[in-house]
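A short write-up of the structure that comes next.
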Amino acid sequence: MMDADVAPARGARGPALASVWADRLGFFVIWTLAGFALLLLIAPSLIVVMISFTETAYITFPPQGFTFEWYADLFSRQQIVESAVTSLRISLWSTTIALLLAVPAAFSLVRGRYPGKTFAGALIVAPQMIPGMVIGVALLFFGAYISFRQSDLMLVLGLTVFCLPFAVRLVMAQLQLLNPALEEASLSLGATKKRTFVQITLRQIVPAIVAGAAFVFIESFDNLTVALFTASPRARPLAVELYNLVQFDSSPMVAALSSLEILLAFVVMLVLGRTIGLERLAK
Amino acid sequence: MKLTRRSFTTTALAASSLVAAPTIVRAQEKELIVISYGGALQEPHRWLGDKLQREIPNLTVRLVPSESQDIVAQIKAAQGFSPYDAMPNGEPPHLIAIRDGYIQKLDPTRLENYDNVVPEFWPKTQGYGVPATFSLIGLAYNEEMVDTPPTSWADMWNEEYADMVGICRTSSNLGLGTLAMTAKIFGGSETDLDPAWAKLKELNPLAGRSPRILAQMLERGEIAVAPLWNNDAAVAAEKGLPIKFVKPDPGPVAILSVMSEITGARDTELVYRWMDGIISDDYQELAAAAPYYFGVTVQGVDVPEAARPYTPSTPEEVAALQTVDWAEIVKVRPELVERFDREFAT
Amino acid sequence: MTEAFWTRFRDGRGVWPAVPAFVFLAIFFIAPMGVLFSFGFTEIERGQVQENGFTLRYLTDTLSDDLFWWVWWKSFYIGTLSTLLCFLLAYPLAYLYSESGRRMRLLILVLTISPLLTSAIVRTYAWLVILGGRRGVINSTLIELGLIERPFRMLNTDFAVIIGMTQVHLPFMVLPLITVLAARDRNMEAASLGMGASRLSTFFRIVVPLSMPGIVAGLTIVFALSYTNFIIPQLLGGGGFTTLAVQVYEQIVVILDWSKGAMLALLLLGSCFVFILMIGLAGNRVMRWSVKETVE
Amino acid sequence: MIDAQGINKFFGANHVLRDCDLTVEGGEVVTLLGASGCGKTTLLRCIAGFETPDAGTLTLAGQDVTRLPPNQRDVGFVFQNYALFPHMSVEENVAYGLKARKAPADQIKREVADALDLVSLTDFARRFPNSLSGGQQQRVALARSLILQPKVLLMDEAFNALDAKLRGAMQVELRKIVKRVGITAVCVTHDQSEALTISDRIAVMAEGRIEQFAAPAQIYDNPTSAFVADFIGAANILTRDAAARFSHAAKTLNGNAALVIRPENVMLGGTPDDGVAGKVVFARLTGPAMEYEVALADGTVLRALVDRDGHVPLAVGADTQVAIRNPDACVALPGAA
């Protein structure tokens with residue numbers, strides 16, 4: 001099979017001149033698209049941060065003047081501060097529960113030998129395929145059915161369902177990479193099984209657990225789709241508060257709040273980068 | 001960063017105390033949860049909440065900013081265990097709430113300020129809740145984009161504003177009001193809305209999901225003219241944006257907002273304190289002032305001069321206020337919401 | 001704890017370590033999904049499930065409603081376009097990553113992962129600022145430069161929703177592509193170049209086909225996310241913009257018709273699965289070479 | 001020291017160990033040698049306790065350990081890829097077993113220093129395994145096991161991960177260390193030269209059976225089966241009919257089915273009366289000797305290893321005479337070739 005633009009190798013001669021130009025043009029387009037993608041990833045955050053310092057009472061670009069007024073305004077609003085604390089509390093709970101469920105489940109799914117394991121694995125990661133809104137609505141209906149009302153607990157449960165697959169998959173991936181010889185080595189060196197488990201097995205999957213915790217935490221903190229239907233009105237998470245602000249309030253304070261969330265994301269990423277490395281996170 | 005056992009333990013301890021703390025504190029608190037408006041319009045409620053918090057020890061007043069629609073969904077889901085205590089409703093949702101039993105009948109004897117209220121407002125509450133404030137639906141426009149300001153409802157169809165008119169979805173009172181008003185001036189009525197749909201479609205309008213979003217669209221200059229609440233227009237103008245409000249001929253639509261006790265409220269006494277506060281002179285004076293310009297419902301509170309463009313200020317203007325037979329509208333509200341998608345889905 | 005306990009835990013022997021997760025999901029996932037499912041086939045009045053309320057009315061009504069099909073088409077079209085746009089941008093970026101040195105790689109990773117850690121509302125909000133009316137970033141810049149006089153209408157259009165979704169979901173496309181592209185066997189390209197193929201045709205004939213697993217993974221997840229997203233359409237699409245996901249929200253929260261909302265949610269979920277399955281099957285067809293032939 | 005009797009092991013329907021008997025004396029270094037899949041690693045893992053035999057008993061230093069978990073057996077195990085804990089430094093890896101035994105800190109410090117000294121890695125104490133070469137990693141693994149003074153040291157393909165040159169050197173090094181310590185050791189390998197280098201005795205395994213268990217010289221000189229003869233060193237295995245052509249060998253054959261003739265026992269270029277005519281089909285230099293393949297008239301190919309001293313190399317295609325140098329060094333096998 002010989003295609004028109006694949007020149008057969010003729011001695012030391014390179015590809016035809018036309019194809020050199022096609023190459024240059026083609027790769028110019030590819031690099032341009034890559035650059036545009038980078039721009040698309042960074043520009044919105046930069047613009048939001050810039051806007052948050054404007055002196056005008058409305059959003060305008062380019063921002064005018066420079067003021068921290070909107071940040072001050074943000075912290076003076078008890079409701080926003082309270083909702084941030086609520087989000088923190090909710091996220092810690094759902095992170096804890098998700099990990100307590102996910103780590104043993106991952107062990108069973110990677111190392112267990114029993115019929116129906118494939119099915120069990122599919123069940124545990126199933127919520128990942130369901131949009132957060134559907135999970136939220138289902139919980140809301142289910143709650144109406146059994147008189148279980150919207151509350152912190154319902155929100156925590158909803159977020160845990162939503163986040164469990166991420167945690168399980170991260171831990172499973174790490175477990176599959178583990179060299180079983182390490183555990184045997186530990187045993188042959190006279191360590192007890194508990195010691196082997198804690199010092200070798202568990203220690204080796206700590207990066208996955210840290211990454212899992214970070215992702216569940218951030219997802220719980222930022223989640224709106226589940227929260228909209230399950231959160232208690234008494235203690236509304238920050239994401240719902242922010243959603244309302246975006247719709248009801250056109251003041252640059254919203255930009256200030258968004259900027260703080262962007263800052264938080266960078267801090268978390270820094271911590272993750274230091275603990276387990278970003279390259280591993282990508283997988 | 002290296003994870004040591006000690007740092008892990010410390011973090012875990014700190015985290016768990018953070019998690020546990022609010023439960024301990026909350027045990028001795030009294031709480032009043034009130035649905036409120038979003039953004040700056042919430043301020044009068046905030047002021048009243050702060051006042052009550054000063055007067056009653058251990059009380060926390062929480063304001064939940066929301067378009068009342070999703071609140072009703074939550075109350076419905078809660079099945080009689082409403083998480084909220086009081087809510088203000090415009091006339092249409094007020095009627096729905098009465099029909100569906102979400103709000104409670106008022107016991108006038110428990111209100112100190114009962115006699116304060118302009119008597120004409122009481123019948124509109126149908127015996128549920130207190131008349132809180134009223135607002136006007138008029139036309140708002142962006143000065144930078146409009147050469148000749150609109151003066152009547154029919155001006156929305158002016159050539160000059162072609163493709164620059166915004167309207168609100170019929171899920172909100174604003175949208176319903178716009179629809180009803182359009183029907184009236186083009187030969188329809190509350191029971192015959194078809195002319196209104198046809199005329200609105202003629203506008204090729206840009207739709208806003210909620211009144212606040214419609215206001216933002218006007219602020220950003222995406223649209224030049226839109227039927228809007230006087231309060232939203234006032235707040236935008238106050239920020240220095242080129243937004244102006246007109247009371248269009250034959251007159252703006254006035255909608256009363258009723259503050260009611262929600263079925264299943266935990267502390268009725270507190271709710272009555274709140275409702276009493278709403279019809280107090282102090283609260284009404286604040287709500288009527290810049291930049292909110294809510295219409296007052298009590299006697300003897302002066303409307304400030306600056307409110308003139310936003311509220312009916314002369315007897316003629318009061319006489320011109322348009323009313324809508326909401327009972328007819330709310331019967332078909334679900335259909336109207338869906339109809340909006342059928343007509344305007346882009 | 002006994003030795004046996006730790007052995008079993010370490011080996012994960014048996015189902016039991018997964019049992020808590022199963023029980024949890026059975027109660028808080030399977031059962032609620034069941035209720036949701038049943039609500040789609042039940043008459044509900046004012047929050048009360050009616051006795052003998054089984055009905056197919058919601059199914060037949062929805063399927064015979066023009067609006068439903070219109071909205072379905074809109075969801076599909078928006079989801080597909082933003083997925084393709086996502087791919088068009090993500091692939092070059094992932095390729096750039098695989099061809100770059102350490103610093104550039106780190107930069108790309110930081111820029112890709114940090115949006116994942118930022119809430120979707122914040123990122124959607126940014127588009128309100130960028131596209132919004134005459135004060136928006138793009139229009140005000142263009143007007144400042146004297147290029148246009150009247151601002152473009154960008155916000156509250158299909159374009160706004162598509163670009164918003166593309167940006168918000170870009171990392172989900174980039175990451176799987178980075179994984180396959182960075183790990184690829186470069187000898188293949190050397191062989192192709194050695195046989196006289198141009199760089200560009202090597203890219204399209206060798207690099208792209210061999211990264212198929214990453215492409216399928218990315219397309220699947222981004223399509224599923226775009227197809228079911230209701231926040232971006234609500235914030236960027238304007239009051240007239242509606243997709244299936246928005247309709248679910250409307251029915252449940254605004255119109256308060258739970259049965260209809262549940263039915264729409266089921267149809268949203270079902271159609272999403274069908275599309276994902278189709279992407280997977282198409283991927284399998286393209287990747288026939290990856291199927292191990294059984295040698296006799 | 002080790003006494004395994006009648007060990008049988010199944011993996012599902014797969015019978016991987018069949019009636020294996022193995023007795024290892026104290027201080028002896030024994031190698032389990034065989035092709036991959038012959039069961040040698042399974043037998044080693046049974047001794048270590050990572051697998052439990054389905055039948056048979058296992059005694060270590062007089063104690064029945066058949067059902068004992070590995071951490072109670074007092075055996076050291078060096079893994080194929082060493083299984084060094086990547087998150088611990090060399091020091092911590094070596095100290096791991098002592099810490100698990102809750103030894104006092106000063107004792108741990110002393111013994112770790114001694115162990116690292118033994119394997120000449122004192123300067124690398126604080127490095128992490130990933131920064132060490134393969135040979136260094138192997139010595140860490142060895143030190144990690146030896147520090148516990150186990151009754152038995154088990155090694156699974158311990159030289160596999162090393163390149164060819166280093167491998168030879170490390171085998172010698174290992175034998176020296178093991179002998180210095182005086183420990184009983186069992187190794188697994190598929191590499192016959194490794195087995196010959198480090199072992200006191202070799203157990204050749206095939207299809208789950210121990211074919212022959214004897215000292216290296218014994219195995220080389222007197223293989224008990226064609227398999228063993230072929231596996232250790234090179235061998236010409238002639239059928240009865242082919243062997244009958246070599247008149248001197250007939251006595252050794254003595255009615256058996258096959259005859260094993262080592263290549264160095266094949267002599268080329270004699271006179272026609274004491275040899276068989278053949279043609280050189282392949283020739284190569286192996287260093288100190290020339291190796292030939294010679295085809296006989298009936299098609300049988302014999303390998304011959306000829307010392308280069310005073311030998312005029314033969315070209316491919318040359319005719320020559322093939323004879324047996326020492327008929328007594330041939331081994332007759334009763335089974336079929």
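Every chain is numbered from 1 and lettered A, B, ... according to where its sequence line falls, protein lines coming before strand lines.
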For atom CZ of C/F41, is the number of surrounding heavy atoms from other residues, nucleotides or ligands below 6.0 Å larger than 12?
yes
Mind checking whether C/V129 and B/R220 have side chains closer than 4.5 Å, heavy atoms only?
no
Heavy atoms of other groups near C/F152 CZ, more than 12 under 6.0 Å
no
For B/L241, is it the side chain, the backbone, both or neither that has a heavy atom under 4.5 Å from a heavy atom of chain C?
side chain
Looking only at B/E144, B/E335, B/Q216, the option with the highest number of non-hydrogen pairs under 4.5 Å against chain C is B/E144
One should read off an interatomic distance between B/M217 CE and C/L128 CG, to the nearest 0.5 angstrom, of 11.0 Å
To the nearest 0.5 Å, tell me how far C/T242 OG1 sits from B/F344 CZ.
14.0 Å
Proximal component of C/Q234, with respect to chain B [non-hydrogen, under 4.5 Å]
both
Would you mind reporting whether B/L206 and C/R153 have side-chain heavy atoms less than 4.5 Å apart?
yes
Kindly indicate whether the side chain of B/E338, heavy atoms from C-beta on, has any atom under 4.5 Å from the side chain of C/K260.
yes
C/V254 versus B/R333, closest heavy-atom pair with distance:
O-NH1, 3.2 Å
Nearest-0.5 Å distance that lies between atom CG in C/L235 and atom CD1 in B/I213:
6.5 Å
Shortest non-hydrogen separation from B/R342 to C/L67 and the atoms involved:
NH1-CB, 3.2 Å
Okay, C/D65 and chain B: the region with an atom under 4.5 Å from a heavy atom over there is side chain
Name the region of B/E343, side chain, backbone, both or neither, that has any atom closer than 4.5 Å to a heavy atom of chain C.
neither
Does atom NZ of B/K239 have more than 12 heavy-atom neighbours from other groups under 6.0 Å away?
yes
Nearest atoms (heavy-atom pairs only) where C/G240 meets B/A207:
N-CB, 3.5 Å
